[in-house]
There are 2 protein chains.
Amino acid sequence: MTALEMQTRHGEVCPLDTTLKILVGKWKSIILCRLTAGELRFTELLNTLPGCTRRMLALQLQELSQDQIIIKTVDLTASPIKTSYRLTALGTSLIPIIQAMDAWGATYIKTLSSN
Amino acid sequence: MTALEMQTRHGEVCPLDTTLKILVGKWKSIILCRLTAGELRFTELLNTLPGCTRRMLALQLQELSQDQIIIKTVDLTASPIKTSYRLTALGTSLIPIIQAMDAWGATYIKTLSSN
DNA sequence: CGGAATCCAGTGGGATACTG
DNA sequence: CAGTATCCCACTGGATTCCG
């Protein structure tokens, strides 16, 4: 089920929650950070995520795809088959927010660390 | 445990994840929306959150307090005792991000609904 | 009034193994 | 190479009850 379906199914829809549901997941935020730089292959992505298993990466990519934040393209002419992932227009429109949250988090960490 | 402790405990710290951990919780985003308008009492807050139990509200407020996003003040001279919650400076600095995410979510919902 | 304690169900995510 | 399938555990959040 997509994040939007999860929301609309139960009464009230808070747009803020919709956005949060899309971003939340063990590896989603960092995947989004990576894809901000451009298209990546499954294994390339995996290699930039130490500690992430293929299963988890596949799951998180699947959810982001269903929410139309990223898109997957498969090159069948290649051998072995190559699959690539990149941000959609919707995903790209999230970048400023991601950057703002990343910056806020960095400030937050510095503030609380200096106590 | 605070969101920051959760992060720093396990190796890598992604500031974006720190921010997300703070915002995620069944009622946190909507609580933050409410407190943006100003200070509120426990019961006042509860009344604006249909479906939220006292236990859940108390839990979410506790976590937000530990993360220093909101602050709780208790008026012992009143009878019955009154407790109020309001945003801290850190919490206030989150408002633009919250508004941006809310706006993005609204656009997202409209975009996907018109398919 | 504003919680805390206890119990319980659903789910996110880890380990491992298998596949087109 | 790029995934699925299974099993399992820990944690989030719900229901209910009790307390200062």
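Residue numbering restarts at 1 for every chain, and letters A, B, ... go by the order of the sequence lines.
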*If a protein heavy atom is under 4.0 Å from the base, mark B; if only from the sugar-phosphate, S; if neither, -; do that for nucleotides 14-20 of chain D going 5' to 3'.*
BBB----

Nearest heavy-atom neighbours spanning [X] and [Y]:
X: Ile109(B); Y: Pro15(A); answer: CD1-CA, 4.2 Å
X: Thr92(A); Y: Pro96(A); answer: O-CD, 3.9 Å
X: Met101(A); Y: Ile97(B); answer: CG-CG2, 3.7 Å

_Less than 4.5 Å apart, side chain to side chain, heavy atoms only: is that true for Leu57(A) and Trp27(A)?_
no

*asked:* Could you tell me if the side chain of Leu64(B) sits less than 4.5 Å from the side chain of Leu32(B), heavy atoms only?
replied: yes

*State whether Lys72(B) places a side-chain N or O below 4.0 Å from either non-bridging phosphate oxygen (OP1 or OP2) of dG2(C).*
no

*Would you please confirm or rule out a distance under 4.0 Å between OP1 or OP2 of dG3(D) and any side-chain N or O of Gln62(A)?*
no

In whole angstroms, how far is the [atom2] atom of [N] from the [atom1] atom of [X]?
X: Leu46(A); N: dA2(D); atom1: CG; atom2: C1'; result: 10 Å
X: Met6(B); N: dA10(D); atom1: CE; atom2: C1'; result: 12 Å
X: Arg41(A); N: dG3(D); atom1: CZ; atom2: P; result: 10 Å
X: Leu59(A); N: dA2(D); atom1: CG; atom2: C1'; result: 13 Å
X: Leu49(B); N: dG3(C); atom1: CG; atom2: P; result: 14 Å
X: Asp17(A); N: dG13(D); atom1: CG; atom2: P; result: 11 Å
X: Phe42(A); N: dG20(C); atom1: CZ; atom2: C1'; result: 15 Å
X: Asn47(A); N: dC1(D); atom1: CG; atom2: P; result: 9 Å

*asked:* Using a 3.5 Å distance criterion without hydrogens, assess whether the side chain of Ser29(B) forms a donor-acceptor pair with backbone atoms of Asp17(A).
replied: no

*Without swapping roles, check the side chain of Thr18(B) against the backbone of Gly105(A) for a donor-acceptor pair under 3.5 Å.*
no

_Please compare Gln60(A) and Ile81(A) by the position of their nearest nucleotide in DNA chain C and report the one closer to 5'._
Gln60(A)

